[in-house]
Structures are given as structure tokens and as C-alpha cells.
Amino acid sequence: MAEKSFVGKLKRGLFMTHTEMIERVRDAFTPELGVDQSVLDALEESLLGADVGAEITVELMDSLEETIRRGEIRNIEDLTVRLKAEARELIPDRAMRTLDPSAEKPFVVLVVGVNGTGKTTSIAKLARLWKSENREVIVGAADTFRAAAIEQLQEWTDRVGVPLVRHKEGADPGAVAHDTVAAARSRGSDIVLIDTAGRLHNKGHLMAELAKIRRVVEKELPGAPHEVLLVLDGTTGQNGIAQAKAFLESAGVTGLIVTKLDGTAKGGVILSIMRDFEIPVYYVGVGEGMDDLIPFDPEAYLDSIFASEHPVAAS
Ligand code: GDP
Ligand code: MG
């Protein structure tokens, strides 16, 4: 049941990406002409449109043309099967890790990313998910830049039913992070989720603040934070890559959450992130609701975007 709804949600989330990938190619295909140049042109456009990036597109096209020359691709079915296999090869082993919050106690997760990408919402969703697995979760409101950010998190944590550690607007985010970890230790919580600001006066300030939060957390609990999750808005496609790079370089990001896949045909960007940064995507956001965050599974992801059948109708 859970498995089925997970796949169903992923498929719905990636529906627009799948359409971008496959429908255009299918339209260009005729049984008479087979997989000819016009089909390949459509495919190349589709890959670029789904934001897998120029480099991966060239690589996929090159290896496909090779298999076509060998006469191995006769129809759309063959093409999608081949594409999926080639795409699978692009994902490095290091990007296949999954997140295990029982690895430490408390397990401390710092959530970072640009404003509006979905950090606060994703924290609420993660708290909900982990709470449903009978884990004690505590959240820290270290985005103290705006009072509204603290209130938004308070509303979410109230709805989910998990405690929130908060200070006043403008308070030191490091102090909030410290108090959250300290509270988790004294309560015996399993998981600490720390929300952070995505916008400060400039990027230098933001990165310095994140570095400070990390230091404070590490001092309170050696070895923490155990994960630094970067939240990336999937609708920004390749532009998100530049963002990811900045955070990877300065904030010690260990994994990603890609949000808003339900509103974009650019879901191919995930392939390019895993390939370029050798970093796992742990979760994907597929809607605004509390349950619209699902663990990312690379195989199911590739199946969903490269399936030759309509992914929602087929489920
Ligand atoms: P933050 O500034 O990074 O903390 O971003 P928020 O968590 O406040 O989210 C910004 C907006 O994105 C809100 O309107 C959320 O409802 C919306 N959002 C977050 N995740 C998703 C998602 O997976 N799908 C959709 N459609 N909207 C999302
Ligand atoms: Mg926020």
C-alpha cells in the first residue's frame, strides 16, 4: 500500500517531465520511417527541455546513435528502454546513498537553501514522515531573519505535533541551533531539524552564518550535523545547479531535497545534479501538502520519466 502510493505520487510529480520526454518523441515517430533523424531531433530537444543539461544530452544522444546504427532500436519501446539504461549508467554510486536517521541519536539535520525553495515546508513534511515512524523529532527555528518565518514554522510544527525551539526575530541563529540540540539531548529526541535563512544581506553573510551554525552544533554535539540538506526548487532547472554549487562549496551539503516537481517539466535536472555533484537526492517534494514529500528512488525516478506508457494512466 505504502509502496504503491509512493510510486503513484512520484509518477504524478514527474508527469510533466515524462510528457516532455516522451510525448514529443512519440509524435515524431512513424512505424514506416522507424527511429529516424526526426525522432532523434525530437529526443534531443526533449532532453534539453526536461533540463538534463547539454552535456548529458550529448552523451545520451551519442550512445543512442551508436545503438541505432547497430540496428538495435526499432521502436519507441526499444528507445525508452535503452535511454533508461544509459541514464542509469550516468548516476555515480556515491549518489545512490539513502538517508538513515537512526544512524545517530540525536540525528542532526541542517536544512539550507535559497529563499522560497521550500525549506520550511520540507522540514514540516520530514517531521511528519519521521514522526509517523515513531521517532521523536524536535525542530529549531534558526531562520530568525523575519518574524513571519518563525511564525510559519510554528504553525507547521503545531500541525504536525512536534516541539519547536524558537527565539525572537533577529536573534542569533547559532544560539537557536545550540538550544535545539541541547533540548534534543536532554529530552532524548531522535532527530533534530534546523531551519535556516535563505536570504541575508548578501551571499557572503549567508554562508558565514551557515558556517557559524555548523560550528555551534558541532561544539554542542561532536560529529553533528550529520546531514546538511540543500533544498532546491525543481522548477528552476539548470539555474538551480549554480545555486547548488555555491552551497556545496561553502555549506558542506551532504544531500538534496528537490521540491516542486509537481509543477515542472524540468525533472531531468535531478539526473544532472547526481551526475555533476555525486551527491544523493534523498527526498523530492511533489506538492504543497504535508504528505507530499517522498523518499527519492533513482530507479523509480528513471522508470517514471522514461516509461513509454503514460505514467499516471498506467499506475
Ligand atoms: P523557504 O523560503 O525555503 O522556507 O520556502 P517555503 O517552505 O516557505 O515554501 C515556499 C513555497 O513553496 C510555499 O508556498 C510552499 O507551499 C511551496 N512548496 C514547497 N514545496 C513544494 C512542492 O513540493 N510542491 C509545490 N507545488 N509547492 C511547494
Ligand atoms: Mg522558510
Side-chain angles (χ1 to χ4, degrees), residues 5-6 8-17 51 109-129 139-160 162 164-171 173 176-177 180 193-201 203 205-207 209-210 213 228-237 239-240 243-244 246-247 251 253 255-267 269-270 273 281-297 300-301 304 312:
S5 80
F6 155 72
K9 271 189 186 165
L10 183 67
K11 283 178 174 174
R12 271 198 303 282
L14 287 166
F15 177 59
M16 289 168 73
T17 303
D51 248 331
V109 180
L110 195 62
V111 178
V112 304
V114 168
N115 217 35
T117 52
K119 288 182 298 300
T120 303
T121 313
S122 296
I123 283 175
K125 292 170 174 176
L126 277 175
R128 163 125 164 141
L129 178 75
V139 178
D143 176 0
T144 61
F145 197 57
R146 289 174 309 125
I150 303 172
E151 287 313 321
Q152 183 198 6
L153 191 56
Q154 183 76 63
E155 264 171 49
W156 274 115
T157 50
D158 285 348
R159 277 171 71 188
V160 178
V162 295
L164 177 71
V165 174
R166 56 182 283 182
H167 289 190
K168 285 203 217 34
E169 176 183 4
V176 179
T180 314
L193 277 164
I194 300 175
D195 196 11
T196 64
R199 179 173 57 200
L200 285 180
H201 310 289
K203 204 179 98 192
H205 280 122
L206 177 58
M207 297 305 167
E209 179 173 297
L210 294 175
I213 295 175
V228 179
L229 300 187
L230 172 64
V231 178
L232 213 61
D233 178 340
T235 66
T236 57
N239 293 330
Q243 255 178 47
F247 280 91
V253 170
L256 276 105
I257 297 176
V258 181
T259 59
K260 310 186 193 181
L261 283 181
D262 52 307
T264 182
K266 294 178 177 175
V269 73
I270 290 182
I273 289 167
V281 174
Y282 289 131
Y283 295 93
V284 290
V286 293
E288 295 188 88
M290 268 202 284
D291 294 316
D292 295 330
L293 185 85
I294 52 179
F296 180 72
D297 172 347
Y301 161 76
S304 300
V312 177

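Residue numbers run from 1 in the order of the sequence given. In each ligand, atom 1 is the first atom listed, and ligand 1 is the first ligand listed. The analysis underlying the following values was restricted to heavy atoms, covering all of them including side chains, and did not include hydrogens, waters or symmetry mates.
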Of all the heavy atoms in N115, does at least one lie under 4.0 Å from an atom in ligand 1? yes

Around atom 27 (N) of ligand 1, find the nearest protein heavy atom and jot down its residue, atom name and distance. E288 CG, 3.3 Å

Residues A171 and H167: closest non-hydrogen pair is CB-CB, 3.6 Å

Run the numbers for me: atoms of ligand 1, each under 4.0 Å from some heavy atom of G285, listed by number. 23 (O)

Distance, nearest 0.5 Å, that separates CG of D195 from CG of D143: 5.5 Å

Minimum-distance protein heavy atom relative to atom 22 (C) of ligand 1: G287 O, 3.2 Å

Contact check: T120 to the Mg ion (ligand 2), N/O/S below 2.8 Å: yes

Just distances here: any N/O of Q152 and N/O of ligand 1 closer than 3.5 Å? yes

For ligand 1, is there an atom lying under 4.0 Å from some heavy atom of G116? yes

Examine ligand 1 and decide if any of its atoms is less than 4.0 Å from a heavy atom belonging to D262. yes

Below 4.0 Å from any atom of ligand 1, is there a heavy atom belonging to G113? no

Output, in order, the C-alpha distance, side-chain angles, deciding distance and verdict of salt bridge (Lys or Arg N to Asp or Glu O under 4.0 Å) for E151 and R166. CA-CA 10 Å; E151 287 313 321; R166 56 182 283 182; 2.7 Å; yes

Using a 4.0 Å cutoff against the non-hydrogen atoms of V286, which atoms of ligand 1 qualify? 23 (O)

